[in-house]
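Have a look at the structure below, then the notes.
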Amino acid sequence: YDIIEAEKKKPEHHRDKVKAGFKLHVLAETSEQAEAALNQPETDRIYLESFFCPRETLPKQLQMYSARIRKAGKECFLALPHIFRRKTAGWFSSHWNELAGALDGCLVRNLEEVQFLREMQSLKNLKAEARSIQGEEFGQQQGFTAEPEFCIQGDYQLYGYSREAVFAWKELNLMHQTLPVELNLKELKKLDCKREEIILYGRQPLMISSQCLHKNTLKCDGKAGVLQMQDRYGKLFPVRNQCSDCYNIIYNVSPLSLLHHLLELELLWPEAVRISFTTENRAEAEQIFACYRQALSSRGESREKYLHD
């Protein structure tokens with residue numbers, strides 16, 4: 001695209017922010033993608049995957065990135081693992097005080113994580129009660145500090161195909177959902193999308209598997225990475241092995257892209273749209289942002305013209 005080449009030549013601070021009727025949230029699986037999202041003026045929130053860095057360095061790395069993200073006027077969220085076993089819950093529980101202060105919220109993928117955060121919220125309420133009963137001085141002596149309001153964002157894997165399902169999640173204090181990628185525009189119009197998020201771009205996970213491709217084909221070396229699985233038609237499926245929690249994510253060959261449907265999505269009045277990065281490097285991520293800006297500036301034009309450009 002000519003517009004992409006023009007965008008690349010502009011200094012990052014000179015790029016104009018194209019206004020939209022919704023916020024832009026970005027999911028980053030790698031530090032390269034996080035850096036690209038951080039430098040985009042349109043970005044309002046960054047989700048950092050729990051495996052964007054080695055688990056043992058996560059508290060320190062998260063605090064460092066959170067300071068930069070918040071300084072840029074954006075929100076910092078942690079995307080919790082797709083599989084949340086007891087061992088994983090134990091690790092997050094023991095490090096929660098280090099993590100929570102660096103976060104504006106979490107992206108959750110399953111019921112275990114919803115319950116985990118409910119328990120962490122209950123613990124926070126107990127600490128707040130201790131401060132109110134014993135006084136602020138006692139609370140400070142015990143190491144209790146005031147915490148900002150914490151937001152829980154449900155991912156699209158949590159069932160939200162009906163108004164009743166969305167209402168049930170709200171009873172569990174899950175006030176923000178990601179709309180199902182399987183629903184079409186007619187079906188989405190039947191839901192209340194005003195507080196919800198829509199995935200605009202990204203490879204969709206076809207399968208979350210505890211069967212490790214790396215272990216079965218080579219050997220288990222405990223090193224995270226991306227392999228490729230070829231089907232009978234010769235198509236290559238990216239497979240990310242997440243060693244910290246011992247599972248694989250098998251992604252679709254082609255990413256979902258609704259960039260040419262921005263006008264229709266805007267009519268749903270969602271709170272935000274999301275760009276989900278998976279295997280993209282920094283240059284590819286910046287190209288997607290350039291496409292997003294192009295789609296915003298031409299969303300009133302025909303789909304054919306946008307695709308031609």
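Throughout, numbering of the chain's residues begins at 1 and tracks the sequence.
Between the CD atom in Gln294 and the CD atom in Gln287 there is a gap of 10.5 Å [rounded to 0.5 Å]. The CG atom of Leu58 sits 9.5 Å away from the CD atom of Gln63 when rounded to the nearest 0.5 Å. Residue Asp155 holds its CG atom at 8.0 Å from CD of Gln153, rounded to the nearest 0.5 Å. Note: Tyr65 OH to Ile46 CD1 = 9.5 Å, rounded to the nearest 0.5 Å. Rounded to the nearest 0.5 angstrom, Leu179 CG and Ile199 CD1 are separated by 9.5 Å. Note that the OG atom of Ser94 and the CG atom of Leu99 stand 9.0 Å from one another [nearest 0.5 Å].
The shortest non-hydrogen separation linking Glu266 to Gly21 is OE2-N, 3.2 Å. In plain terms, the two heavy atoms of Leu174 and Gln177 that are nearest each other are CD2-OE1, 3.0 Å. Between Gly154 and Thr178, the shortest heavy-atom contact is O-OG1, 2.7 Å. Closest non-hydrogen pair, Thr88 versus Pro81, comes out as CG2-CG, 4.0 Å. Closest heavy-atom contact between Pro59 and His95: CG-CD2, 4.1 Å. Closest approach of Gly160 to Pro180, counting heavy atoms only: O-CG, 3.6 Å.
Judged by distance alone, with hydrogens and angles left aside, the side-chain atoms of Arg163 form a donor-acceptor pair with the main-chain N or O of Lys190 at under 3.5 Å. Between the Lys74 side chain and the Thr43 main chain, a donor and an acceptor come within less than 3.5 Å of each other. The closest donor-acceptor contact from the side chain of Glu196 to the backbone of Ile198 lies at 3.5 Å or more, if one exists at all. Proximity of a side-chain donor or acceptor of Glu284 to a complementary backbone N or O of Asn281 within less than 3.5 Å is detected. Trp169 contributes a side-chain N or O that, together with a main-chain N or O of Tyr159, makes up a donor-acceptor pair within less than 3.5 Å. A distance-only check finds no donor-acceptor pair linking the side chain of Gln33 to the backbone of Ala285 [under 3.5 Å]. A donor-acceptor pair under 3.5 Å is absent between the side-chain atoms of His176 and the main chain of Ile152, judged by distance alone. A side-chain donor-acceptor contact under 3.5 Å links Gln40 to the backbone of Ala36. Judged by distance alone, with hydrogens and angles left aside, the side-chain atoms of His214 form a donor-acceptor pair with the main-chain N or O of Lys219 at under 3.5 Å. Checked by atom type and distance alone, the side chain of Asn241 pairs as donor or acceptor with a backbone atom of Lys223 at under 3.5 Å.
Residues Leu200 and Leu191 share a single hydrophobic cluster, defined by chaining ILVMFWY side chains whose heavy atoms lie under 4.5 Å apart. In the hydrophobic cluster analysis, where Ile, Leu, Val, Met, Phe, Trp and Tyr join through side-chain heavy atoms closer than 4.5 angstrom, Trp269 is grouped apart from Leu188. A continuous path of hydrophobic side-chain contacts links Ile275 to Val181 [ILVMFWY only; heavy atoms under 4.5 Å]. Cluster membership check: Phe150 shares its hydrophobic cluster with Ile69, using side-chain heavy-atom separations under 4.5 Å among Ile, Leu, Val, Met, Phe, Trp and Tyr. Leu227 and Met207 fall within a single hydrophobic cluster, where Ile, Leu, Val, Met, Phe, Trp and Tyr side chains are chained together by heavy-atom contacts under 4.5 Å.
At least one side-chain heavy atom of Leu48 sits under 4.5 Å from a side-chain heavy atom of Cys76. The closest side-chain heavy-atom distance from Leu80 to Ser50 is not below 4.5 Å. For the pair Leu268/Leu185, a side-chain contact is recorded, criterion being any heavy-atom separation below 4.5 Å from C-beta on. Side-chain contact between Leu24 and Phe289 is present, with heavy atoms from C-beta onward closer than 4.5 Å.
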Given side-chain contact (heavy atoms from CB on, under 4.5 Å), test Leu262 with Phe22 step by step and report yes or no.
CA-CA 10 Å; Leu262 270 181; Phe22 39 72; 3.6 Å; yes

List the steps, then state whether side-chain contact (heavy atoms from CB on, under 4.5 Å) holds for Cys106 with Leu78.
CA-CA 5 Å; Cys106 278; Leu78 181 66; 4.2 Å; yes

Step by step, work out the ring pair (Phe, Tyr, Trp, His ring centres under 6.0 Å) result for Phe52 and Phe277.
CA-CA 11 Å; Phe52 91 102; Phe277 292 125; over 10 Å; no

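Annotation for Met175: atom CE counts as buried by contact number, over 12 foreign heavy atoms lying within 6.0 Å. Atom NZ of Lys87 is surrounded by 12 or fewer heavy atoms from other residues, nucleotides or ligands within 6.0 Å.
In this structure, Tyr47 shares a hydrophobic cluster with Leu27, Phe77, Leu107, the cluster being traced through Ile, Leu, Val, Met, Phe, Trp and Tyr side chains under 4.5 angstrom apart. Residues Phe51, Ile83, Tyr247, Ile249, Tyr251 make up the rest of the hydrophobic cluster containing Ile208, defined by ILVMFWY side-chain heavy atoms closer than 4.5 Å, directly or through other members.
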Check residues 228-239 and write down every donor-acceptor pair under 3.5 Å in which the side-chain atom is one partner and the other belongs to a residue at least two apart or another chain.
from   : atom 1 : to     : atom 2 : distance (Å)
Asp231 : OD1    : Tyr233 : N      : 3.0
Asp231 : OD1    : Gly234 : N      : 3.0
Asp231 : OD1    : Lys235 : N      : 2.8

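Of the candidates Leu256, Ile250, Thr278, Arg203 forms a side chain to side chain contact (heavy atoms under 4.5 Å, CB included) with just one, namely Thr278. A side chain to side chain donor-acceptor pair (under 3.5 Å) with Tyr156 holds for exactly one of Gln204, Arg274, Glu197, Glu182; it is Gln204.
For Glu280, there are no salt bridge (charged side-chain N to carboxylate O under 4.0 Å, His left out) partners, not counting sequence neighbours. The side chain to side chain donor-acceptor pair (under 3.5 Å) check on Gln115 picks up Glu119, with sequence neighbours excluded. A search for side chain to side chain contact (heavy atoms under 4.5 Å, CB included) contacts involving Met64 returns Gln61, not counting sequence neighbours. Here Tyr201 pairs with nothing under the ring-ring contact (aromatic ring centres under 6.0 Å, His included) rule; sequence neighbours left out. With sequence neighbours excluded, no residue forms a side chain to side chain donor-acceptor pair (under 3.5 Å) with Ser93. Remark: Gln157 pairs with His82 by the side chain to side chain donor-acceptor pair (under 3.5 Å) rule, at least two apart or across chains. Contacts of Arg68 classified as side chain to side chain donor-acceptor pair (under 3.5 Å), with partners at least two apart in sequence or in another chain: Glu35. For Glu75, the salt bridge (charged side-chain N to carboxylate O under 4.0 Å, His left out) partners at least two apart in sequence or on another chain are Arg45.
Applying the salt bridge (Lys or Arg N to Asp or Glu O under 4.0 Å) test to pairs two or more places apart or on separate chains, those with a residue in residues 48-66 are Glu49-Arg109, Arg55-Asp245.
Using the six-membered ring where Trp is involved, Phe84 and Phe92 have ring planes that are tilted, between 30° and 60° apart.
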